[in-house]
Amino acid sequence: MTTWVSADTIRAQFSQCMSEMYQTEVPLYGDLLQLVNDVNQQSLQQHPTLKVQLEQTGELPRLSQERHGAIRLGKPEELVNMRRVFAVMGMYPVGYYDLVPAGVPVHSTAFRAIDADALNRSPFRIFTSLLRLELIDNVELRQLAEDVLAKRQIFTEQALALTAKFEQQGGLDANDAEQFIQEVLETFRWHTAAPVSKDLYQALHDQHRLIADVVAFKGPHINHLTPRTLDIDAVQTGMAERGIPPKAVVEGPPRRNCPILLRQTSFKALQEKVTFTDHQGSHTARFGEIEQRGVALTQKGRALYDQLLTNARESLGATPNEGNAERYMQILQETFQAFPDSYLELAQQDLAYFYYFAKGNTVKQGKRLWTQQDLLDLVTTGQVQIEPIVYEDFLPVSAAGIFQSNLGEDGKAHYAVMSNQGIFEQCLGSKVCDEMQLYTETQQQSIDTCLQQLNNHSFAGA
Ligand code: OOG
Ligand code: NI
C-alpha cells in the first residue's frame, strides 16, 4: 500500500521553498528575516515567561517557520483552482475580507490550516484577493482587461494534473508531492516579461495600480512574505538601522503587555524593471512585511477593538502617514487604555480566547463536579492556568493600510458597491469558514479536556 505524504508536510515544505524563492527574488527579504531572527532570539532571552507561554501553546517550534504571503487573482476560475491546489497542502479558505470600503478593488479570504495541531506543524497562510473588474468604470478598458485575463493560465499543466490526482486518490506519494511543490511554485514566481503593451499597462495603472498589478502580468506573483516577530517595535527600529526602508506606522493595536490580534509593518515596495510587449518599463509591487501576533478576540473583544481603532483614527482626523505617525501612535496608546491589559481580565470579561490547563492538586468539595462556571475562579486560585489562543487571521483595516503603503498615495479610490460574501463564495466555489467558530471550538476543546482532568484527578484523590 502506498503511503501519502501528509498535507502538513507538503505545506511546510512548500512554505520553505517559497521563502527561498522569494529571498532570491527580493534579497532585502533575506535581510529582514535575519533581523527578525535576531530580535526573536533576544526577546526569548529577555522574557523567559514568554518562552514558557509559547512552549505551552506549542508555538515555539513554529516560530522560525512562521510566515504568511499574499497574492491577487484576476478571475473566478483562478480562485477555484487556487482553492483546489491549497487543499492539497491542508489549507482552506477562512474568513471574508472586503477591501472595497478602503478603496482597494478586491475582496479576499485567507487560505490556512484549521486545527491547532496542524497550525503548529505549519502556520503558513496566504491572503488571497480576487480583483473586482466590474469596478473599472471605463467599459472599453474593462473589456481589454477581461480579454487579457481570459487568455492566461496561471497554473502549469502538471500542477493541475497532480491536483486532480490528489482529489482522485485522496493523497500524493513522495515523488508526486515533491513534483507538486515545484510545479505550484511556478504560479507564484515573478516574471519580468509582461504580456501587455506599455500603454495598456499605463491605462490599467491609471484606473488603479492594483488592477495593473493583476492584469498586466502572467501570474499572481507572491507580492510579500511575512515572518512573525515577538517584538515588532524592535524590528521597526532595527529596519531603519539596517538600511531597510520601513513604512510609516505599525498597523493594528498599540504596544501592550498582552498583545491582541495582529500588529504589522512592512518595508517599502521595490521598483522593478519590466519588459512589456513593446517597451521597457517598471512596476512597483513587491515588498517584505513583519507581523506580531497576539491573542484572538471574541466577537465582544473584536467589537471593542474596532470601536477603539475608529476612535483613534477619528481623533487623528487623517489617514496615518509619515507626517503624523508619532501623534497617531500616541493617540492609539491613549485610546486603547480602555482595553483591559491582563490575560485574566480578558478572560473574565469574555474579550479573548484562551487555552485552559489543569494544574494538578485540585481539591474537590463534596461530590460536585467542576464545571465550566468554576473555571475562572480556579484560574484566580492558580489551579487552572490560561494561555492565549493566537490570532491566526488578518485585519481588513490593516490590510488596506498595507495595500496602500505599497500602492502609493494614489492607491485609494471610492467605490459605491456593497460588500458581498455571497458573490465571493460563488467565485470560490465553496463557502469560507467562519474564523470565530474555529476559535470557539479550539477553546471549548481545551476547556473540555481541562475539566475532564480536574474531575478525574479530584475523584482519584477523594
Ligand atoms: C494583501 C494585503 C493584506 C496583510 O498582511 O494584511 C495582507 C496584499 O497586499 O495583496 O497581506
Ligand atoms: Ni501581509
Side-chain angles (χ1 to χ4, degrees), residues 15 18-19 22 26 29 32-33 36 66-74 78-79 82 86 91 93-112 123-132 154 187-188 190 208-217 219-229 232 235-236 246-247 249-253 261-270 283-294 296 305-306 309 320 390-408 411-413 424 432 435:
S15 161
M18 178 90 107
S19 175
Y22 202 60
V26 182
Y29 178 66
L32 181 69
L33 278 184
V36 168
E66 181 108 28
R67 63 184 68 90
H68 84 248
I71 53 167
R72 303 152 184 172
L73 302 173
E78 294 173 354
L79 185 60
M82 203 49 96
F86 280 139
M91 294 160 77
V94 179
Y96 172 73
Y97 303 86
D98 184 15
L99 279 299
V100 172
V104 185
V106 302
H107 47 183
S108 322
T109 190
F111 286 94
R112 66 165 174 89
F124 182 59
R125 48 202 139 214
I126 295 281
F127 192 90
T128 304
S129 300
L130 178 64
L131 186 62
R132 299 188 73 175
I154 61 170
T187 300
F188 298 88
W190 172 250
H208 198 294
R209 284 225 221 181
L210 190 89
I211 297 177
D213 184 59
V214 178
V215 179
F217 292 85
H221 41 257
I222 184 88
N223 71 57
H224 66 277
L225 280 182
T226 309
R228 175 176 172 190
T229 180
I232 200 160
V235 176
Q236 178 84 346
K247 134 182 210 318
V249 296
V250 175
E251 300 287 341
L261 297 172
L262 178 61
R263 300 182 69 206
Q264 295 167 290
T265 182
S266 62
F267 67 73
K268 298 214 173 123
L270 319 168
H283 180 64
T284 308
R286 302 190 306 154
F287 60 99
E289 186 190 43
I290 314 95
E291 64 187 17
Q292 180 173 4
R293 291 189 174 264
Y305 168 78
D306 286 338
L309 190 71
V390 66
Y391 187 59
E392 306 283 357
D393 295 287
F394 295 87
L395 298 169
V397 176
S398 301
I402 297 283
F403 268 109
Q404 241 100 52
S405 73
N406 289 290
L407 292 169
K412 194 163 171 150
F424 185 81
V432 298
E435 68 274 24

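As the structure is a prediction and not an experimental result, all values here were calculated from the model. Both counts, for ligands and for their atoms, begin at 1 and track the order of listing.
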Roughly how far apart are E78 CD and T187 OG1, rounded to 0.5 Å? 9.5 Å
What residue and heavy atom of the protein are closest to atom 2 (C) of ligand 1, and at what distance? F403 CE1, 3.6 Å
Which segment of N223 sits under 4.0 Å of ligand 1 when only heavy atoms are counted: side chain
Logged contact type for A70 with ligand 1, heavy-atom cut-off 4.0 Å, is side chain
Close-contact set for ligand 1 against E289 heavy atoms, below 4.0 Å: 4 (C), 5 (O)
Under 3.5 Å donor-acceptor, H68 side chain and R228 backbone: no
Do L210 and R72 have side chains that get closer than 4.5 Å, going by heavy atoms? yes
Taking the Ni ion (ligand 2) as the vertex, measure the angle between atom NE2 in H68 and atom NE2 in H224; round to 10°. 110°
Ligand 1 contacted by H224 (non-hydrogen, < 4.0 Å): yes
Is a side-chain donor or acceptor of T226 paired with a backbone partner of R67 at a separation under 3.5 angstrom? no
Among all protein heavy atoms in this structure, tell me which lies nearest to atom 10 (O) of ligand 1, with the distance rounded to 0.1 Å. R72 NE, 2.8 Å
For the residue pair F217 and H283, categorise the inter-ring angle as parallel (less than 30°), tilted (30 to 60°) or perpendicular (more than 60°). tilted
At under 4.0 Å between heavy atoms, is it the side chain or the backbone of E291 that contacts ligand 1, or both, or neither? neither
Relative to each other, are the rings of H107 and F424 parallel, tilted or perpendicular (30° and 60° limits)? perpendicular
For atom 4 (C) of ligand 1, the protein heavy atom that lies nearest, with its residue and separation: Q264 NE2, 3.3 Å
Atom name, E289 (N, O or S, nearest to the Ni ion (ligand 2)): OE1
Parallel, tilted or perpendicular for F127 and F394, by the 30°/60° rule? perpendicular
